[in-house]
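One structure is given here, and the rest of the page talks about it.
Atoms within a ligand are numbered from 1 in the order they appear, just like the ligands themselves. None of the values given here were measured: they were computed from a predicted structure.
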Amino acid sequence: MTKVMAVNAGSSSLKFQLFNMPSEEVITSGVVERIGLDMGVFTIKVNGEKKSTETPIKDHGVAVDMLLKALVNEGIVKELNEINAVGHRIVQGGAYFNDSAVVDDDVVAKVTELIDLAPLHNAAHLVGYRAFKEALPGVQHVFTFDTAFHQTMAPENYLYALPYEYYTDYKVRRYGAHGTSHKYVSQQVIEELGNPAESKVIVCHLGNGASLSAVKNGKCMDTSMGLTPLAGVMMGTRTGDVDPSVMPYLCEKLGKTAAEMNTIYNKQSGMLGVSGISSDSRDVQAAYEKGDERAIITMKLYARTVAKFVGSYFVELGGCDAIAFTAGIGENSSLTRSLVVKELNEALGCYIDEALNEKREDGNRLISTPDSKIKVYVVPTNEEVMIARDTVRLLGL
Ligand code: ADP
């Protein structure tokens, strides 16, 4: 039995899942939050029960030490050398990586070089990686890139209509994100469809961050996020696509720099900005159900922007066999699914059965009506298991 730790290190958090491979059994999981703040929180599952500890956690090194000590103290592993490998989620792999990679100096140098394109994420991932490297010397590491699945996009899908030199000199292009989730979910859908030789699938990853992808015969053809995860559909706090001229216009009107406006685009926009209520779709939904005007506009705008991407991907794919909803909102919000699919009824002949849509069940489920021209699925995403699978595959464990 091989034990693989799948890690997702953010700027102030570190999520982990320890797997037994190849069975894919989750031995434990948890999260270290508020790293570097006055009071941190460490949560780990022991025998299925969550155990939380509040204590200051100075940096990622301390977070990793806490986690590894807890694994031994709670009897989850007898010795740390039972952990055979660590797989890390990396947001930005640029054009360097079309698959996960075994970590060596060259891989680290490339991820470091790409910090510019994902300043918060890549830097934090490297801090997490170094902390594990130090705590578990001799263990091999694999990086799994959010961008890798999208590397099959053709230039007509990844280029922007800017002077070409910005692409060649500065690597400005669409990279996309959430690729590990899009890959997992599209694979699940293809299996649900009975593994046909040809398939056209649209994945709607709707979480706090949100993106769609068009997947033809298992390969990504297009995706809604761009150079950064700000592009595409509106999100919890991010704008999604906006007329680029809005930025200079508002900079001038508000006397703000582009960097300041960029922060507003990333942190104060989306559902939060439009509704004025919250970035959490549950709060916006509760207000929608009470008839709040701004919440109603927010939900309609959200559904419309998602549906517009589905429409454009339908054209790009030359049709569509199945649409899948995943991530926090996609998996849990029957209202969002219903509003999105209503937008597709007339043009695409796509319908869901509201009783199936409302049902809460674990696992993949079909929610479209038998006569819908496109099958609609809810598929719980699992990025961690993809990291563990790639780690085992690439290290030959
Ligand atoms: P991320 O991984 O991008 O941080 P998640 O995939 O966890 O985000 O999704 C978070 C979003 O999912 C939040 O907007 C939250 O409100 C929404 N969500 C979670 N559970 C539900 C639910 N039961 N109903 C509606 N929305 C939900």
Side-chain angles (χ1 to χ4, degrees), residues 6-17 29-34 43 89-92 118 120-121 124-125 144 146 176-185 203-213 223-225 228-240 266-290 292 295-296 298-303 305-306 324-341 354 357-362 365 367 378-387:
V7 178
N8 181 356
S11 53
S12 66
S13 70
L14 192 148
K15 292 184 200 149
F16 59 90
Q17 276 193 26
S29 63
V31 58
V32 190
E33 292 165 288
R34 302 173 63 83
T43 309
R89 175 203 181 199
I90 307 285
V91 162
Q92 183 54 270
L120 293 178
H121 289 105
H125 302 324
T144 296
D146 269 25
H178 293 143
T180 311
S181 173
H182 286 288
K183 185 175 177 184
Y184 175 82
V185 173
V203 177
C204 309
H205 177 112
L206 310 178
N208 198 19
S211 66
L212 276 80
S213 67
T223 194
S224 61
M225 282 179 169
T228 72
L230 182 58
V233 294
M234 71 184 271
M235 310 178 208
T237 60
R238 292 180 221 147
T239 55
N266 272 291
K267 304 227 158 124
Q268 292 172 34
S269 303
M271 282 200 188
L272 172 65
V274 179
S275 71
I277 296 166
S278 168
S279 64
D280 192 308
S281 80
R282 281 168 289 204
D283 301 334
V284 179
Q285 233 172 273
Y288 171 97
E289 272 147 17
K290 284 194 194 124
D292 181 279
I296 292 170
T298 307
M299 292 301 290
K300 282 187 174 170
L301 178 59
Y302 189 87
T305 58
V306 172
F325 287 95
T326 192
I329 297 172
E331 289 168 34
N332 297 300
S333 172
S334 54
L335 173 65
T336 305
R337 292 191 298 258
S338 178
L339 291 174
V340 170
V341 175
E354 282 302 340
N357 185 35
E358 290 298 333
K359 239 183 178 172
R360 299 189 68 83
E361 264 174 19
D362 290 342
R365 53 203 181 91
I367 59 167
V378 177
V379 177
T381 195
N382 194 341
E383 290 156 288
E384 293 76 16
V385 83
M386 293 297 270
I387 296 174

Can you pull every nitrogen or oxygen pair between ligand 1 and the protein closer than 3.5 angstrom?
from	atom 1	to	atom 2	distance (Å)
ligand 1	3 (O)	Asn208	N	3.2
ligand 1	3 (O)	Gly209	N	3.2
ligand 1	6 (O)	Gly328	N	2.9
ligand 1	8 (O)	Asn208	N	3.0
ligand 1	9 (O)	Asn208	N	3.3
ligand 1	12 (O)	Ile329	N	3.3
ligand 1	14 (O)	Ser281	N	3.2
ligand 1	16 (O)	Asp280	OD1	2.2
ligand 1	16 (O)	Ser281	N	3.2
ligand 1	16 (O)	Ser281	OG	3.3
ligand 1	16 (O)	Arg282	N	3.4
ligand 1	16 (O)	Arg282	NE	3.3
ligand 1	20 (N)	Asn332	ND2	3.4
ligand 1	26 (N)	Ser281	OG	3.0

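Within a 6.0 Å sphere centred on CZ of Arg365, heavy atoms belonging to other residues, nucleotides or ligands number more than 12.
Side-chain contact annotation: Thr237 with Gln268, donor-acceptor N/O pair under 3.5 Å absent. Under 3.5 Å, the side chains of Ser334 and Glu358 contain a donor-acceptor pair of N or O atoms.
Thr336 and Tyr302 get closest at one heavy-atom pair: CG2-CE2, 3.7 Å.
Among residues at least two apart or in separate chains, salt bridge (charged side-chain N to carboxylate O under 4.0 Å, His left out) pairs with a member in residues 269-282 are Asp280-Arg282.
Atoms OG and CG, on Ser281 and Asn208 in that order, are 9.0 Å from each other to the nearest 0.5 Å.
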